[in-house]
Enquirer: 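Let me begin by handing over the structure; questions about it come next.
Naming: A, B, ... by sequence-line order, numbering from 1 per chain.
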There are 2 protein chains.
Amino acid sequence: MAQNSNGAGERTGAPARVRLVDVAKEAEVSKSLASRVLNDHPGLRARAEVRQRIHDAAERLGYRPHAAARGLTRADTGVLSLLIPDLTNAFFAGVIRGAVQRAMERDFTVFTSEDLVPRETAKTVERLVQTGRINGVMVASAQPRHPLVATLRTRGIPHVFVNRGVRGSGHNVILNEALASRAALTYLTELGHTRIAHVAGAGRLDSTRRLSAGFRKAAKELGLDDDLIVEGSLSEDGGAHAAASLLEQHPDVTAIFTAALVQAVGVMRMAYQHDLDVPSDLSVITADETPLAAFLSPALTTVQMPTEGLGAAAVDAVIEQILGGTSASRVLDYAPKVIERESTTAPR
Amino acid sequence: MAQNSNGAGERTGAPARVRLVDVAKEAEVSKSLASRVLNDHPGLRARAEVRQRIHDAAERLGYRPHAAARGLTRADTGVLSLLIPDLTNAFFAGVIRGAVQRAMERDFTVFTSEDLVPRETAKTVERLVQTGRINGVMVASAQPRHPLVATLRTRGIPHVFVNRGVRGSGHNVILNEALASRAALTYLTELGHTRIAHVAGAGRLDSTRRLSAGFRKAAKELGLDDDLIVEGSLSEDGGAHAAASLLEQHPDVTAIFTAALVQAVGVMRMAYQHDLDVPSDLSVITADETPLAAFLSPALTTVQMPTEGLGAAAVDAVIEQILGGTSASRVLDYAPKVIERESTTAPR
DNA sequence: CTGAAAGCGCTTACAG
DNA sequence: CTGAAAGCGCTTACAG
């Protein structure tokens with residue numbers, strides 16, 4: 001019943017919040033000074049002893065600035081929104097982990113959601129910004145003509161497109177997929193393969209386009225035929241059809257690198273139907289790592305992309321914009337890693 | 001340069017925020033009345049015409065209450081935190097979807113994160129609560145002695161444990177897993193199987209315990225042997241070992257129901273090694289649905305749990321607590337669904 | 001029933 | 001350099 005915040009009410013449920021004024025009193029300074037010291041205000045010349053006293057007091061009392069109060073005075077809320085096309089996709093799980101981690105280091109919070117219905121998502125994001133809940137958004141679910149693209153630009157919301165770039169936006173944070181193609185080709189070449197084909201992702205996804213462009217370039221540089229590329233939809237059937245037409249035209253192909261895991265599954269099904277053994281007749285590798293690849297039979301060899309680095313870079317890029325800096329697109333050059341399982345071996 | 005909010009500055013970047021006072025002016029009423037009408041204050045007796053005028057004004061101006069301002073006066077922030085053990089698990093993806101959807105309907109926002117390091121998570125949650133960012137938490141990653149359990153109770157934070165219950169907490173929202181066992185048994189029985197075994201999840205996870213208890217009960221009721229149960233760890237090897245010892249003791253078993261997908265993979269591997277054909281010699285079904293089950297060979301038949309309903313129920317339960325109602329544990333009785341693929345058939 | 005005023009917890013021009 | 005005061009945008013006792 002007692003209303004004073006001192007003398008604690010053990011059983012009152014929510015512990016009384018400790019406010020800035022409490023810290024100031026404890027440190028025997030004004031609220032203003034406490035605020036400035038705690039926020040490390042530029043051009044502050046308080047005595048070291050005083051600063052210390054304030055920090056100690058804050059520490060001792062367990063002071064946490066109330067986000068709402070701060071959000072009311074300052075523009076920033078410290079919250080970033082991350083939009084993912086499919087939560088169950090291991091690629092994006094990596095992106096999320098990287099983003100969450102880096103955000104925490106930089107004292108931001110990231111709020112992940114699945115972008116299932118683009119039109120709804122655009123509305124939701126707009127609402128979150130209008131109600132002052134979020135400060136920037138990272139879009140990993142961009143597609144040509146996604147309604148969000150316009151919303152973001154029009155309303156001047158700090159944002160970044162992750163993995164899937166939007167042409168001309170100047171706000172893209174993407175991977176250098178060419179490195180994955182090169183890694184796969186190098187790996188297969190070292191195994192002894194010389195006839196290596198690529199099942200590329202059909203359609204507009206820029207990430208898969210960069211992958212196939214990289215394949216062509218690396219094949220040429222390695223002295224291989226750079227024309228063994230067939231497009232297939234990002235599905236099991238897509239992979240199966242592409243592989244079938246590939247092997248019909250080029251029966252000497254001994255290894256296939258696919259853009260997506262499901263395509264690799266299709267390739268293996270096709271091989272089975274044509275009585276080809278994987279890996280001894282045909283090695284299969286994909287640019288799409290997921291722990292579940294180990295459960296396929298044969299277990300699938302993959303190239304793992306630096307997804308966590310991608311998430312971290314996205315966070316850095318939005319924060320840069322929020323802090324008022326300019327933001328240019330960036331391409332990450334981390335090295336991908338081949339995860340060898342059972343679907344690849346030396347050609348016979 | 002113009003500072004007045006009227007006369008819009010098309011190119012000023014962020015459009016001026018429309019505030020409650022703007023709505024009040026537009027509707028020619030006081031701020032107080034506008035606030036009360038918009039919030040549907042109980043015991044309000046304003047004329048219908050006035051109410052309408054206020055709503056119209058808000059609509060016309062595109063008014064959105066500023067979350068920070070509201071959070072400063074009221075206790076509630078309208079944000080719920082959802083903690084998931086593994087983002088790539090399709091089960092939890094369903095939970096997330098259900099939660100997000102229901103929260104939106106109830107005008108709340110859910111903020112999902114992966115609980116990778118329990119100790120860190122507990123700290124983070126505490127910080128989020130202290131800074132007034134979140135209002136309640138839904139924990140799908142509970143484990144015995146998870147530090148969060150104590151934090152939540154001690155600090156009186158509205159919360160709920162999802163799928164994995166915490167004994168004696170009185171805050172559990174869980175599924176009736178027994179229904180899944182029954183569904184699997186019924187399905188297999190109708191196919192003609194009479195010798196049906198269960199590879200249960202070893203260890204303390206309460207959800208898998210409920211599954212095996214349900215298996216035993218349903219088997220008995222269906223007039224089947226209720227003793228064909230072996231525990232295995234939740235891994236491929238766990239499934240393989242359990243199945244091997246099962247078939248050694250009971251060679252007449254024609255169908256196996258596993259708790260986890262990875263166990264089913266292990267069972268199929270074991271079958272392959274023992275020259276048993278799946279499904280003609282041995283049918284396999286699991287309680288763990290994921291679209292990827294279609295890519296296994298043979299494609300795996302599963303029982304799909306009502307994960308979205310679980311997420312929605314969790315949201316309802318925390319909101320109930322936040323609104324001050326009491327909250328009791330609840331068990332959901334939605335019917336699971338068998339998703340038939342290639343790994344099951346009639347016994348020969 | 002409704003309006004004027006105070007207050008939520010911060011930050012930051014504005015004066016010393 | 002630093003303190004007193006105003007103000008961010010809302011909600012809600014407190015008086016009419």
Side-chain angles (χ1 to χ4, degrees), chain A residues 3 5 14-51 53-54 57-58 61-78 107 127 129-133 135, chain B residues 3 5 14-51 53-54 57-58 61-78 107 127 129-133 135:
Chain A
Q3 297 240 28
S5 49
R17 171 181 298 290
V18 11
R19 295 148 306 162
L20 181 62
V21 65
D22 300 318
V23 176
K25 267 186 200 139
E26 177 89 2
E28 300 182 309
V29 298
S30 71
K31 261 174 35 177
S32 319
L33 186 53
S35 171
R36 288 194 261 246
V37 166
L38 257 15
N39 288 307
D40 211 12
H41 201 88
L44 188 68
R45 226 176 287 182
R47 282 174 300 161
E49 188 254 320
V50 175
R51 306 171 92 105
R53 216 164 63 211
I54 295 174
L61 266 38
Y63 171 67
R64 300 284 180 194
H66 189 91
R70 177 172 277 182
L72 203 50
T73 41
R74 299 214 292 218
D76 92 287
T77 64
D107 227 17
R127 192 162 57 86
V129 171
Q130 286 179 349
T131 56
R133 277 185 211 284
N135 228 281
Chain B
Q3 297 242 29
S5 49
R17 172 180 297 290
V18 10
R19 296 148 306 161
L20 181 62
V21 65
D22 300 318
V23 175
K25 265 186 200 142
E26 176 89 3
E28 300 182 310
V29 297
S30 71
K31 260 172 39 174
S32 320
L33 186 53
S35 171
R36 289 195 259 248
V37 166
L38 258 15
N39 288 308
D40 211 10
H41 201 87
L44 187 69
R45 224 176 288 181
R47 281 174 302 160
E49 187 253 320
V50 175
R51 306 171 91 103
R53 216 165 60 210
I54 295 174
L61 266 37
Y63 172 65
R64 301 283 180 196
H66 189 90
R70 176 171 277 182
L72 202 51
T73 40
R74 301 212 292 218
D76 91 288
T77 64
D107 227 17
R127 191 162 58 87
V129 171
Q130 285 179 350
T131 56
R133 277 184 210 282
N135 228 279

Enquirer: Donor-acceptor check, side chain of A:Thr131 to backbone of A:Arg127, threshold 3.5 angstrom: yes or no?
Expert: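 Between the backbone of A:Arg127 and the side chain of A:Thr131 there is a qualifying donor-acceptor contact (under 3.5 Å).
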
Enquirer: Looking at every strand, decide which applies to A:Leu20 at a 4.0 Å heavy-atom threshold: base, sugar-phosphate, or nothing.
Expert: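 Base, at least one base atom sits under 4.0 Å.
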
Enquirer: Taking A:Arg53 for the side chain and A:Ala27 for the main chain, is one N or O donor matched with an acceptor at less than 3.5 Å?
Expert: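 At least one qualifying donor-acceptor pair exists.
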
Enquirer: Report yes if some heavy atom in the side chain of B:Val37 is under 4.5 Å from a heavy atom in the side chain of B:Val29; otherwise report no.
Expert: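 Heavy-atom side-chain distance check fails, nothing below 4.5 Å.
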
Enquirer: Specify the separation, in whole Å, of atom NZ of A:Lys25 and atom P of D:dG3.
Expert: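 Checked: the NZ to P distance equals 16 Å.
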
Enquirer: Using Watson-Crick or G-U wobble pairs with both distances under 3.5 Å, give me DNA chain C in dot-bracket, 5' to 3', with [ ] for crossers and | for pairs to another strand.
Expert: |||.||||||||.|||

Enquirer: Considering all heavy atoms of both residues, which atom of B:Thr77 and which atom of B:Asn135 are nearest to each other, and what is their separation?
Expert: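 What the structure gives for the nearest pair is N-ND2, 2.6 Å.
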
Enquirer: The side chain of A:Leu33 lies closest to which of these nucleotides: D:dG3, C:dT2, C:dC10?
Expert: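 Of the candidates, D:dG3 comes closest.
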
Enquirer: Of the nucleotides C:dG9, D:dC10, C:dA4, which has the atom closest to the A:Ala69 side chain?
Expert: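 For the A:Ala69 side chain, the nearest candidate turns out to be C:dG9.
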
Enquirer: Could you say whether B:His41 or B:Leu72 is positioned toward the 5' end of DNA chain D, judged by the nucleotide with the nearest heavy atom to each?
Expert: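 The answer here is B:Leu72.
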
Enquirer: For the pair made of NE2 in B:His66 and P in D:dT11, what is the distance, rounded to whole Å?
Expert: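 The distance from NE2 of B:His66 to P of D:dT11 comes to 12 Å, rounded to the nearest Å.
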
Enquirer: In whole Å, I'd like the distance from the CD1 atom of A:Ile54 to the C1' atom of D:dC1.
Expert: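 Distance, rounded to whole Å: 13 Å.
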
Enquirer: Report the C-alpha distance between A:Arg51 and A:Asp40 in whole Å, list the side-chain angles of each, state the deciding distance to 0.1 Å, and finish with yes or no for side-chain contact (heavy atoms from CB on, under 4.5 Å).
Expert: CA-CA 10 Å; A:Arg51 306 171 92 105; A:Asp40 211 12; 4.1 Å; yes

Enquirer: Return the value, rounded to whole Å, for the distance between atom CZ of B:Arg17 and atom C1' of D:dG7.
Expert: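 In whole Å, D:dG7 C1' and B:Arg17 CZ are 15 Å from each other.
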
Enquirer: If you compare every side-chain N and O of B:Ser35 against the phosphate oxygens of D:dT11 (OP1, OP2), does one of them come in below 4.0 Å?
Expert: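 Answer is yes, contact under 4.0 Å.
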
Enquirer: What side-chain donor-acceptor pairs closer than 3.5 Å can you find for residues 65-73 of chain A, not counting sequence neighbours?
Expert:
unit_1	atom_1	unit_2	atom_2	d
A:His66	ND1	A:Arg17	NE	3.2
A:His66	ND1	A:Arg17	NH1	3.3
A:His66	ND1	A:Arg17	NH2	3.2
A:Arg70	NH2	A:Asn39	OD1	3.0
A:Thr73	OG1	A:Ala69	O	3.3
A:Thr73	OG1	A:Arg70	O	3.1

Enquirer: A:Arg19 has a side chain; which of D:dG3, C:dC10, D:dG9 sits nearest to it?
Expert: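 Of all the options, the side chain of A:Arg19 is nearest to C:dC10.
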
Enquirer: Rounding to a whole Å, what distance do you find between A:Arg74:CZ and D:dG9:C1'?
Expert: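 Spelled out: CZ on A:Arg74 to C1' on D:dG9 is 17 Å.
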
Enquirer: From NZ of B:Lys31 over to P of C:dG7, roughly how many Å is that when rounded to an integer?
Expert: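 So the two atoms are 14 Å apart, to the nearest Å.
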
Enquirer: Collect all protein-nucleotide pairs involving nucleotides 13-16 of chain C in which both atoms are nitrogen or oxygen and the distance is under 3.5 Å.
Expert:
unit_1	atom_1	unit_2	atom_2	d
C:dA13	N6	A:Arg36	NH1	3.1

Enquirer: Mind calculating the distance between CD (B:Glu28) and C1' (C:dT2) to the nearest angstrom?
Expert: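 That distance rounds to 17 Å.
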
Enquirer: Is A:Glu49 atom CD crowded by more than 12 heavy atoms from other residues, nucleotides or ligands, each under 6.0 Å away?
Expert: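 More than 12 within 6.0 Å, yes.
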
Enquirer: Is the distance from OP1 or OP2 of D:dT11 to the nearest side-chain N or O of B:Thr73 less than 4.0 Å?
Expert: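 For D:dT11, neither OP1 nor OP2 has a side-chain N or O of B:Thr73 closer than 4.0 Å.
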
Enquirer: How far does the P atom of C:dT11 sit from the matching atom of C:dA15, given to the nearest Å?
Expert: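 About 22 Å, rounded to a whole number of Å.
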
Enquirer: For the CD atom of B:Glu28 and the CG atom of B:Leu33, what is their distance to the nearest 0.5 Å?
Expert: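 So the gap between those two atoms works out to 12.5 Å.
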
Enquirer: Nearest to the side chain of A:Arg70, which nucleotide is it out of C:dT12, C:dC10, D:dT11?
Expert: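 Side chain of A:Arg70 sits closest to C:dC10.
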
Enquirer: Suppose you measure atom C1' in D:dG16 against the same atom in D:dT12; what distance do you get, rounded to whole Å?
Expert: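 One C1' to the other, the span is 16 Å.
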
Enquirer: Any carboxylate oxygen within less than 4.0 angstrom of a Lys/Arg side-chain nitrogen, looking at A:Asp22 and A:Lys25?
Expert: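 Salt bridge absent between A:Asp22 and A:Lys25.
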
Enquirer: Provide, to the nearest angstrom, the distance between the CZ atom belonging to B:Arg51 and the C1' atom belonging to C:dT2.
Expert: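 Answer to the nearest Å: 13 Å.
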
Enquirer: Hey, what do you get for CD1 (B:Ile54) to OG (B:Ser30), rounding to the nearest 0.5 Å?
Expert: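 The distance works out to 7.5 Å.
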
